[in-house]
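The structure appears right after this line, and notes come after that.
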Amino acid sequence: MTELADKSEKQEMDKAYNPQASEKKWYTFWEEKKYFTPTIRPGEKPFTIIMPPPNVTGALHVGHALTMYVEDVMIRWHRMRGEVTLWLPGADHAGISGETVVEKVIWQNERKTKNDLGREEFLRRVWEWMDEYRDTISEQLKAFGASCDWSRKAFTMDAGPQRAVRKVFKSLFDEGLIYRAERIVNWCPGSLTVISDLEVNMVEEDGFLWYIRYPVKGEENRFVTVATTRPETMLGDTAVAVNPNDARFKDVVGKMLILPLVNREIPLVADEGVESEFGTGAVKVTPGHDPLDFEIGQRHNLPIINLMNPNASINQNGGIYAGLDRFEARKRIVADLEQQGFLVKTENYRHTVPYSERANVPIEPLVKEQWWVKIAPLAQPALEAAQEGRLKFVPERFKKIYTSWLENIHDWPISRQLYWGHRIPAYFCNNCGKVSATAEETLEKCDYCASNDIWQDPDVLDTWFSSGLWPFSTLGWPDQTEDLAYFYPGSVMETSYDIIFFWVARMVMFGIHFMGEIPFDTVYLHGLVRDEKGEKMSKSKGNGVDPLEAIAEFGSDALRFTLLTSSTPGNDSKLSRTKLADSRNFANKIWNATRFITMSGTADLAYQSPKLEADAPLADRWIVSRYYKLVEEVSRLQENFQFGEAGRLIYDFLWGEFCDWYIEISKSRLNSSDPAEKRKVQTTLTSVLEGTLRLLHPFMPFVTEELWHYLPHEGEALIIAPWPKADSSQLDEAAITQFEALRETIRAIRNAKAEAKVESKKVAAIILANLELKNLFEQEIDTLVRLAGIDAQKLTIGNADDAPPAQALALVTDAATIYLPLAGMVDVEAERTRLGKEIEETRRELEKSEKTLANPNFAERAPAPVVAKERERLEATQERLAKLEQRLKDLA
RNA sequence: GGGCGGUUAGCUCAGUUGGUAGAGCGCUUCGCUUACACCGAAGAUGUCAGAGGUUCGAGUCCUCUACCGCCCACCA
């Protein structure tokens, strides 16, 4: 290992950063050194993130990449702060989608369905698939640079989590919080299972509203007209309902109607649930296939007719329509109604249709006996945790979304008619007819009559049931393990905002119920990653960015830095190639900065942290001060989960200040004939860079780790190097303002040269300034000469009141007045115009300042520092204006 | 029908205790200065969606409006 490190120290650096070479090398190094595996230190509060387990249904997408990067930023940061840090990785068996994916593959290869194979064989195939893809996912996580503890990796179908699931089922069953009931459920005719409301998407579609008249029994030519979007369900109508306050129907309520086509008698009932304003005010009631109708049916004791086969074709209860698909039946029924004179009219109608999220077909509401979780007793404490502020949300607005969902929560149907998943640990007894639950792998005999003539429920549990236990099932629960005691509750739950209900809420409910504590104190929610056009990435659209491809082309750090800096918490972001290229360039920039510094011969330099030295040159004091400011800012932002902003600040510092200015300034001192002088500047260069690499490490772990080993350092790896401490004793505010003056001067000269299109690289210059700044410029002659492009022989630094030269460009800054006596620059007229423009601009600024200060309320109410600053600004502007005006006068 | 988010330079977006608008890309003009052309220097461009309000002062707080997007919801 140290061999590896030594090698990078000695090697001559390449001209450009090569991510591929570095990424594998360092990940292996970190892993072998076991940096990802925390050492439990009793009494110390650890920082813990349980990774949202990706579905084992294929490769990871960019959304996963963002998840991992955000979590890894937190993890690496806390690890560097010296905390016991655990990031526990895992994978989810993904119930329906897992089953569907494997079904598809088998169908493609063998033209066989899961039923052809049978439960056992099918499950064997699913396991094969899962084992393969779990490895793929692990490989991808490694490519991301995820510093998670592989020794603790978990899978929702592992023996441990399986045991946890049974234990929870059994407990809730015993507490009466899991019950079995016949209710209306969302049936997915595509995947042939029940799904929860959360798995249903409402899709707006153009459809029709059909008006059908139902004859009133025994009254010639009297009808009640209903409006419906689903005429085919009329076969299962067992009533028509109207609002009890609807005067139009007062005298018909209670009478019987004749159901057209079927000729069955059904009552006209009055129910509050009916909106008089809609349609005709009368609604057909199909308790077997509509949620509202089901409720009306419950209230009025209406019979339930199930019309559909599992694949949503009409069953034998549909009479002559039996065997038809529901949409085919719709056409026929409408045609028949029309033909027989029952169809009053057809209106175009835009409405929402419930679709199964998984199979992308309209769901079919139907009545089925299912297992349910009675949710209110679990939801209440989860709600309170948020309301009382124990559970925090980042960004805060999601708290409201979370609480309002819990306030209106419905019972949770948990059975799924699948093979793949946690088999429901409930057994039916053929002898006594009762049902027993167990926490064991199998149950031998009925809990009630001890008969062994029992059979297990064939269904499995909703995948979110096991996901909800994730924060403690991964730590060994129900056993009281050391991990569980130490790492539960976790610190942050980081995930995408679209699974607050599915997952976050359920973890909180189960966590409180079974562990007595919320499973984490902070929920951090990131947004969706979209494509360049802002569209949601998806496989079907083919617009998804494959993170591995992006990594291959730009590097893992580039993808990470891009995703982290182009988003703010909770907001969606767009990913584009130009952004990726930009981040790659940044990695290359710091690579080359390091290369430049080390090429000056820093190999034998002893490590030290950036140090402010009173007698050091201005630039040194400046960059060290700026570095410590950065440390403070970045740490603060990390604390507040503002990773994007933190990353951007480091970028700006490294590129805009360290490289553009400090390295440039350092060049002449690196060439100094005085070895001590060279050492000094090298020390500042390496120490500031080393410190900044630490700050950057969570944002670009690979390149920073690689570069760190080329620099003087302490310890064996950057990943475990201590996070820099902010230190106000290392701040020299004066150096910052002075350096600013120097920068301003250099920029002014560069600007003037560019605008005047000066050919020669070095120009003559006369800089006039007040005493303090004059001294500064004299000390910084070398910097001025080199960075502004001044001929050292033709530089004069004088007092503010020295006589100005006649033939020269005049540049007025707050720091100084600079004269450039440029050859051929004798166009007095042009110079006058230029000065005139500048005077005009300065006057505008002055006016603004004067206006603010003239307002008596400003001085009275604004805080003193703000007023003082405004005064200073006014004075500086006045001075500048005076100088400009003087110059204009002199030219005449 | 409720609720939330967005609307800032041509494009993509920052801008968290309210104090005279920023970055990257793109564009223009220079430049192979011994780290980097995945580079350097200089430059241009904003009624911060609109209207009102609070305030000495509003991109930032409040109200309303418009457009875009999302979430929730049993008008068939």
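Just so you know, these numbers use all the heavy atoms, side chains as well, and skip hydrogens, waters and symmetry mates.
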Note to self: For Glu396(A), is the CD atom crowded, meaning more than 12 foreign heavy atoms sit under 6.0 Å from it?
What the structure shows: no

Notebook entry, point to check: Judged by modelled atom types alone, do Lys284(A) and Thr286(A) share a side-chain donor-acceptor pair under 3.5 Å?
Noted result: yes

Nucleotides 73-76 of chain B: which of its N/O atoms have a protein N/O under 3.5 Å away?
from: A76(B); atom 1: OP2; to: Tyr349(A); atom 2: OH; distance (Å): 2.9
from: A76(B); atom 1: O3'; to: Thr229(A); atom 2: OG1; distance (Å): 3.2
from: A76(B); atom 1: O2'; to: Ala227(A); atom 2: O; distance (Å): 3.3
from: A76(B); atom 1: N6; to: Glu275(A); atom 2: N; distance (Å): 3.4
from: A76(B); atom 1: N6; to: Glu275(A); atom 2: O; distance (Å): 2.5
from: A76(B); atom 1: N1; to: Glu275(A); atom 2: N; distance (Å): 3.3

Next item on the list: Quickly work out the Lys579(A) NZ to C11(B) P distance and round it to whole Å.
Entry: 14 Å

Check: Per the ring pair (Phe, Tyr, Trp, His ring centres under 6.0 Å) rule, which among Phe393(A), Trp503(A), Tyr402(A), Phe398(A) passes with Tyr497(A)?
Finding: Phe398(A)

Note to self: Is Lys400(A) close enough to C72(B) that one of its side-chain N or O atoms is under 4.0 Å from OP1 or OP2 there?
What the structure shows: no

Next item on the list: Assign Lys574(A) to base, sugar-phosphate, or nothing according to its heavy-atom contacts below 4.0 angstrom with the strands shown.
Entry: sugar-phosphate

Check: For Lys762(A), does the NZ atom sit with more than 12 other heavy atoms under 6.0 Å from it, leaving out its own atoms?
Finding: no

Notebook entry, point to check: Where do Val274(A) and Gly281(A) come nearest, in terms of heavy atoms and distance?
Noted result: CG1-O, 3.5 Å

Note to self: Nearest whole Å is fine: how far is A41(B) P from Arg750(A) CZ?
What the structure shows: 6 Å

Checklist line | C1' spacing across the pair G24(B) / A14(B), given as an integer number of angstrom | finding: 10 Å

Margin query: Any salt bridge linking Glu845(A) with Lys848(A)? Criterion: basic side-chain nitrogen under 4.0 Å from a carboxylate oxygen.
Written below: no

Item checked: Distance, rounded to the nearest Å, where Phe643(A) contributes CZ and A14(B) contributes C1' -> 16 Å

Check: So what does Ala581(A) hit on the nucleic acid, given a heavy-atom distance under 4.0 Å: a base, only sugar-phosphate, or nothing?
Finding: nothing

Note to self: Side chains of Glu706(A) and Ser22(A): any donor to acceptor distance under 3.5 Å?
What the structure shows: yes

Note to self: Using the side-chain heavy atoms of Asn592(A), tell me which of these nucleotides is nearest: A35(B), A41(B), G15(B).
What the structure shows: A35(B)

Next item on the list: For Arg636(A) and for Phe596(A), find the nucleotide of RNA chain B with the closest heavy atom, then tell me which residue's nucleotide is more 5'.
Entry: Arg636(A)

Note to self: At 4.0 Å (heavy atoms only), tell me whether Thr852(A) reaches a base, stays on the sugar-phosphate, or touches nothing.
What the structure shows: nothing

Margin query: Taking the nucleotide of RNA chain B with the nearest heavy atom to each, does Cys659(A) or Thr568(A) sit closer to the 5' end?
Written below: Thr568(A)

Margin query: Can you classify the ring geometry of Trp405(A) versus Phe501(A) as parallel (below 30°), tilted (30 to 60°) or perpendicular (above 60°)?
Written below: parallel

Margin query: Can you check the distance between G43(B) and U34(B), where both ends of the measurement are the P atom (answer in whole Å)?
Written below: 24 Å

Check: Between Phe586(A) (CZ) and A35(B) (C1'), how many Å, whole number?
Finding: 15 Å

Check: Does NZ or CZ of Lys589(A) lie under 6.0 Å from the centre of the six-membered ring of Phe658(A), at an angle within 45° of the ring axis?
Finding: no

Item checked: Length of the CD-P vector between Glu860(A) and G57(B), whole Å -> 13 Å

Next item on the list: Pick base, sugar-phosphate or nothing for Asp660(A), based on heavy-atom distances below 4.0 Å to the nucleic acid.
Entry: sugar-phosphate

Notebook entry, point to check: Using a distance-only test with no angle check, is there a side-chain donor-acceptor pair under 3.5 angstrom linking Asp197(A) and Asn186(A)?
Noted result: yes

Checklist line | Spacing of the P atoms in G18(B) and G52(B) (rounded, Å) | finding: 24 Å

Check: In whole Å, what separates the P atom of G6(B) from that of U63(B)?
Finding: 14 Å

Item checked: Span that lies between the P atom of A41(B) and that of U60(B), in whole angstrom -> 34 Å

Margin query: From CG of Asn751(A) over to C1' of A41(B), roughly how many Å is that when rounded to an integer?
Written below: 10 Å

Notebook entry, point to check: What nucleic acid atoms does Arg584(A) come within less than 4.0 Å of, heavy atoms only: base, sugar-phosphate, or nothing?
Noted result: base

Item checked: Over-ring placement of Arg506(A) relative to Trp412(A), 6.0 Å and 45° cut-offs -> yes

Check: Checking all strands, does Pro856(A) fall into the base, sugar-phosphate, or nothing category for heavy-atom contacts under 4.0 angstrom?
Finding: nothing

Margin query: Taking any heavy-atom pair under 4.0 Å as a contact, classify Phe501(A): base, sugar-phosphate, or nothing.
Written below: sugar-phosphate

Notebook entry, point to check: Do Thr565(A) and Lys579(A) have side-chain atoms, one donor and one acceptor, less than 3.5 Å apart?
Noted result: no

Next item on the list: Could you check how far CG of Leu525(A) sits from C1' of C4(B), rounded to whole Å?
Entry: 13 Å

Check: Heavy atoms under 4.0 Å, any strand shown: does Lys15(A) hit a base, just sugar-phosphate, or nothing?
Finding: sugar-phosphate

Check: Is it true that atom CZ of Arg397(A) has more than 12 heavy atoms of other residues, nucleotides or ligands lying nearer than 6.0 Å?
Finding: yes

Margin query: So if I take every side-chain heavy atom of Lys589(A) and compare against U12(B), A42(B), G40(B), which nucleotide ends up nearest?
Written below: G40(B)

Notebook entry, point to check: Is the distance between the ring centroids of Phe643(A) and Tyr524(A) less than 6.0 Å?
Noted result: yes

Check: List RNA chain B stems (3 or more consecutive Watson-Crick/G-U pairs, under 3.5 Å)?
Finding: B:1-7 with B:66-72, B:10-13 with B:22-25, B:27-31 with B:39-43, B:49-53 with B:61-65

Item checked: P gap between C68(B) and C30(B), integer Å -> 45 Å

Checklist line | Given U20(B), G5(B), A37(B), the nucleotide with the shortest approach to the side chain of Ser849(A) | finding: U20(B)

Margin query: Measuring only the P atom in each nucleotide, how far is C11(B) from G31(B)? A whole number of Å is fine.
Written below: 31 Å

Item checked: Gap between atoms CG and C1', on Leu787(A) and A41(B) respectively (whole Å) -> 11 Å

Next item on the list: Take atom P in C27(B) and the same atom in U33(B), then report the distance between them in whole Å.
Entry: 23 Å

Heteroatom pairs (N/O) under 3.5 angstrom, protein to nucleotides 22-30 of chain B:
from: G24(B); atom 1: O2'; to: Asp582(A); atom 2: OD2; distance (Å): 3.1

